[in-house]
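So the structure is just underneath, and the comments pick up after that.
The sequence lines fix the lettering, A, B, ..., with proteins before strands; numbering per chain opens at 1.
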Amino acid sequence: MITKELQRTHYCGDIDKEELVGKRLVINGWVQNYRDHGDLTFLDIRDRTGIIQLVFDPKTNPDAHLIAKKARSEDVISATGVVLLRTAENINPKIPTGKHEVKIDTIEILNKSKTPPFQMDQTEISEEVRLKYRFLDFRRPEMYQNLLMRHKITHTARNFLHQNGFLEVETPILNKSTPEGARDFLVPSRLSPGKFYALPQSPQIFKQLLMVGGIEKYYQIAKCFRDEDLRADRQLEFTQIDIEMSFITEDDIISLMEQMMAQVLEENYRIKIKLPIRRMTHQEAMEKYAIDRPDLRFGMEIVDVTSVVKESEFTVFKSVAQSGGMIKCLPVPEGSRLSRKDMDDLIAFVGKYGSKGMAWMRVKDGKLESNIVKYFSDAIQKELIEKTGAKEDYALLFVGDVKKKVVYDSLANLRLHLGEKFGLRDKSKFEFVWIVDFPLFEWNEEENRYDSVHHPFTAPKMEDINLLEKDPGKVRSDAYDLVLNGIELGGGSIRIHNPDVQKKIFNLLNISDEDAKIKFGFLLEALSYGAPPHGGLAFGLDRMVMEFQGLSNIRDVIAFPKTQKGQDIMSDTPSEVTQKQLEELNVKIAENRANK
RNA sequence: GGGGAUGUAGCUCAGUUGGUUAGAGUACUGCCCUGUCACGGCAGGAGUCGCGAGUUCGAGUCUCGUCAUCCCCGCCA
């Protein structure tokens, strides 16, 4: 219990001001450290603002001094005393409050702490322990800082959207399941036995319905759920800043959103980014970086060399070229630093993405060098050097495959890997780019049909609309992604607002009229009542904070994240439920899964 | 589903070729110390070497299986 008398008058981190000297104040916080000199005793007290040193002298108050001697890490205290200016030789330059200290005459231990599993000023703690004791992890300044910045970023975005006339509208968590896209989280319905709700993968359809309803400008800080395997930058549940507007063009929304992003960085990081953010077509991104979210903090642009090497005597390349495949080259400045062993490692690295191999050459004295150059005529070698722009000490890394995806994935990741290795992915740099003109469809080999690149409600580009029937693969869309340092921060599109066009797209995606009616009937219906032209986008808030904070793990910006197996090791979630609960829900556990 | 890394004291880690009683730092407990701030000094307690088999006279160490955490592929915007 805390009383008025024990309540803090000042935060620890605020006791750094000259005018406080001589003042009597009350401190609340946790014991960070103690230094017991027999008589004179010091306690470092921590709250979320910082640390202040308390001094206990038996001559001031022997009772308080005795209590201080018994204080241990993470005990919660209230202490009262007078602020003193430290003498010059006693100043601690390592902490912001180092010029001051508080001479305490009264202290109360509000709550003792068990010996904590880790010290709060420790930096290297296994994540397992941190997650198990997440409530203690928050006491570490690093974690507090992450949560603080997440709050500030969200706050700036909310302010910006509010000031620009957006309404925050909540959409349901219990939704209709649609098998497209990611795997749904399902919730059994008690009131409709045998039926299920699905948790939202995103509020996509609802925000479109809000536009039909004339809300005009909508946003939501929306929790989304996808039942897929986790990664360093992926959680089962995550948060989107979800936005939709009516009567707007692609340029309108891009321009507004980059203003928001600029404001977020300016207000919270004092970073000014140059507007407008550059734009790059999807095609250019794929050609130069083999990926639709290029990291533009460094160069190393990829070059297609299929036409050059198909004439060589190197059978691997020749046969790939003849079978309609592609060979691409990654020119690596200072690539001579790569040893034979490095090359072997890189070959293994691209193997992860399906590459059967990786050829390499080095530029020495203006000539190409490696165990395979003999298969390349002088003319071809010259052309390779010219085409790739290779200079002295460059390495040329080649990947060729019949499957284009293998070439793209291998080289895109190789480029990032080497960028990392050579220290080119500078955490202090912020290289934004809008990727625009995405294709509307991609061909699905297994299913022998087209899939939406974005989602089925994305509008085709006006000028490509006549290609819909002739050559759907060539149709570009009004879709756009905002990319920062190789991370996709968010993306969106102008939506289809015409039910006929929407039907046509469903047909191309092999979704029958009947299916479309069952799954999205209400949307088609809504579109037929004077739906305004509209569009929007969604930012991945977690990834945004993660990148701005210079972190490589999404769990560090989420208060209570799940482990890679989707479990919460603090609360032991998921867990079994009682037979009664299952019966009420009309759910039976399959025999072989029970009692696991 | 697959590949890789890790698992030893509360925490962070070391542990040689398989060898006798498994160590360090820190934290913790007790004592000493009036200007420390990673305080210092002395003493002490603390281990299912993730778990289970196996090989061996003998396993922290070798083999197989299994579990957990992390990274990646598949999956997923």
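Within the 4.0 angstrom heavy-atom criterion, base atoms lie near A:Asp36. As judged by a 4.0 angstrom heavy-atom cut-off over every strand, A:Asp57 is placed among the base-contacting residues. The residue A:Glu128 sits close only to the backbone: its heavy atoms come under 4.0 Å of sugar-phosphate atoms, none of a base. At a threshold of 4.0 angstrom between heavy atoms, the contacts of A:Arg226 are confined to the sugar-phosphate backbone, with no base atom among them. Residue contacts shown for A:Arg543 are absent, as no nucleic acid heavy atom lies under 4.0 Å away. The residue A:Ser202 sits apart from the nucleic acid: no heavy atom pair falls under 4.0 Å. Using a 4.0 Å heavy-atom cutoff across all strands shown, A:Phe56 reaches no nucleic acid atom at all. Nucleic acid contact for A:His455: none, since no nucleic acid atom lies under 4.0 Å from a heavy atom of the residue.
Judged by closest nucleotide on RNA chain B, A:Arg555 is the one of A:Arg555 and A:Glu228 placed further toward the 5' end. Closest-nucleotide positions on RNA chain B for A:Gln567 and A:Tyr353 were compared, and the one nearer the 5' end corresponds to A:Gln567.
A:Phe56 has its ring centre no less than 6.0 Å from the ring centre of A:His65. For A:Phe438 and A:His454, the distance between ring centers is not under 6.0 angstrom.
In a base pair of the Watson-Crick type (N1 to N3 plus N6-O4 or O6-N4) or a G-U wobble (N1-O2 and O6-N3), with each distance short of 3.5 Å, B:U12 is matched with B:A24.
Atom pair A:Ile487:CD1 and B:A77:P shows a separation of 17 Å (rounding to whole Å applied).
For B:C76, its base sits under 3.5 Å from the side chain of A:Arg234 at one donor and acceptor pair at least.
Considering only side-chain N and O atoms, A:Lys94 lies under 4.0 angstrom from the phosphate OP1 or OP2 of B:A38. Here A:Arg231 reaches the OP1 or OP2 of B:C73: one of its side-chain N or O atoms lies under 4.0 Å away. Phosphate proximity of B:U69 to A:Thr563: present, with a side-chain N or O under 4.0 Å from OP1 or OP2. Contact between the side-chain N/O atoms of A:Tyr480 and the OP1/OP2 oxygens of B:A77 is not found at any separation under 4.0 Å.
Each of A:Gln502, A:Glu244, A:Gln208 was checked for a side-chain hydrogen bond (donor to acceptor under 3.5 Å, both in side chains) with A:Arg495, and the lone residue meeting it is A:Glu244. None of A:Ile435, A:Asp437, A:Ile253 except one satisfies the side chain to side chain contact (heavy atoms under 4.5 Å, CB included) rule with A:Tyr480; the exception is A:Ile253. Exactly one of A:Thr97, A:Ile27, A:Asp44, A:Val102 qualifies for a side chain to side chain contact (heavy atoms under 4.5 Å, CB included) with A:Cys12. That residue is A:Ile27.
Spacing between B:G40 and B:U26 at atom P, rounded to whole Å, works out to 8 Å.
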